[in-house]
K.L.:
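Would you mind keeping the following structure in view while I ask a few things?
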Amino acid sequence: MNNDIERILYSEEELNKRMNEMAQEITAEYENDTPIVVPVMTGAMMFSSEMLKRMNFKLNVDIVKASSYVGSKSTGNVKLVQDVKSDVKGRRVILMEDIIDTGRTLKFLKELFEKRGAKSVEICAMLDKPETRVVDLHGDYIGFEAPDEFLVGYGLDYNGFYRNLPYIGVLKRSVYAVS
Ligand code: IMP
Ligand code: MG
């Protein structure tokens, strides 16, 4: 698995350090509220569990499952595969995502929760690829700005693989290039 990685972009140590800082910022903003943290599965699984351990105040966790990706290309079509169980009306919502790419997934989810009457909807993402954005969407808490390359690890996958890498790396082109 590690042989398929061209280079490591963010090591586990760097990710830990950045998550400590982000969690502090989020705690300062939310510790007197009771927000609903909504990890976007499956990509945000590792990032959100690490972030949640660092958020030492009362909150709810309720997942959604969305999909817009097939292979290494965004299809532009966001599907809600699994919805939250909670009523978000009047609540503050924090969407947690692995990466913001085109921005379509999070724009769709943000608008969905706003329509349902959430008091606020903020976005916390481990990575942001600002160069590839196609819709108007900004993240409120961003781990790192990432280059326009195909990344895997720490939840990020290629056809379901590499999510379990404890770092974020650039996938070798030869792994996903069509011959
Ligand atoms: P968006 O709707 O285009 O912003 O897509 C966000 C989703 O695309 C993320 O949740 C990821 O699942 C996926 N994605 C975007 N860029 C990458 C990447 O570099 N590697 C793996 N998945 C990615
Ligand atoms: Mg995803």
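We count ligands from 1, going down the list as the structure has it; atoms in each ligand are counted the same way.
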K.L.:
Does Ser86 form a side chain to side chain donor-acceptor pair (under 3.5 Å) with Asp62? I'd like the steps, not just the answer.
P.N.:
CA-CA 7 Å; Ser86 326; Asp62 201 340; 2.2 Å; yes
K.L.:
To the nearest 0.5 Å, tell me how far Met45 CE sits from Asn164 CG.
P.N.:
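One gets 8.5 Å once the value is rounded to the nearest 0.5 Å.
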K.L.:
Any idea which of Val170, Thr132, Leu151 brings a heavy atom closest to atom 21 (C) of ligand 1?
P.N.:
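Considering heavy atoms of Val170, Thr132, Leu151, the nearest to atom 21 (C) of ligand 1 sits in Leu151.
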K.L.:
Should you measure from each heavy atom of Gly103, which atoms of ligand 1 turn up under 4.0 Å away?
P.N.:
1 (P), 3 (O), 4 (O)
K.L.:
Would you say Leu127 contacts ligand 1, with heavy atoms under 4.0 Å as the rule?
P.N.:
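No.
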K.L.:
Check whether any N or O atom of Ile100, backbone or side chain, sits under 3.5 Å from an N or O atom of ligand 1, and answer yes or no.
P.N.:
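By distance alone, the answer is no.
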K.L.:
Answer yes or no: is there a side-chain heavy-atom contact under 4.5 Å between Phe108 and Thr105?
P.N.:
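Sidechains of Thr105 and Phe108: no contact.
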K.L.:
Should Leu165 and Ile5 count as side-chain neighbours, where that means a heavy-atom distance under 4.5 Å?
P.N.:
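Yes, close enough: below the 4.5 Å cut-off.
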K.L.:
Check whether any N or O atom of Phe150, backbone or side chain, sits under 3.5 Å from an N or O atom of ligand 1, and answer yes or no.
P.N.:
no
K.L.:
So is Glu149 touching ligand 1 or not, going by heavy atoms under 4.0 Å?
P.N.:
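Glu149 counts as a contact of ligand 1 under the 4.0 Å cut-off.
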K.L.:
Can you name the atoms of ligand 1, numbered from 1 with element, that are less than 4.0 Å from a heavy atom of Asp157?
P.N.:
21 (C)
K.L.:
Tell me whether Asp98 reaches ligand 1 (any heavy atom closer than 4.0 angstrom to a ligand atom).
P.N.:
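Yes, that is the case, since the closest heavy atom of the residue is under 4.0 Å from the ligand.
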K.L.:
Would you mind listing which atoms of ligand 1 come within a distance below 4.0 Å of any non-hydrogen atom of Thr105?
P.N.:
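The list of qualifying atoms is 1 (P), 2 (O), 5 (O), 6 (C).
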K.L.:
Give the atom numbers and elements of ligand 1 that come within less than 4.0 Å of a heavy atom of Leu156.
P.N.:
21 (C), 22 (N)
K.L.:
When you measure from the centre of the six-membered ring of Tyr30, is the NZ or CZ of Arg92 under 6.0 Å away and within 45° of the axis?
P.N.:
yes
K.L.:
Can you classify the ring geometry of Phe150 versus Tyr158 as parallel (below 30°), tilted (30 to 60°) or perpendicular (above 60°)?
P.N.:
perpendicular
K.L.:
Carefully, step by step, assess Tyr141 and Glu122 under the rule side chain to side chain donor-acceptor pair (under 3.5 Å).
P.N.:
CA-CA 8 Å; Tyr141 309 92; Glu122 282 200 314; 2.9 Å; yes
K.L.:
How about CD on Gln24, more than 12 heavy atoms from neighbouring residues, nucleotides or ligands closer than 6.0 Å, or not?
P.N.:
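Not more than 12 within 6.0 Å, no.
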K.L.:
At a 4.0 Å cut-off, with the gap strictly under it, does some heavy atom of Lys129 reach an atom of ligand 1?
P.N.:
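Contact present.
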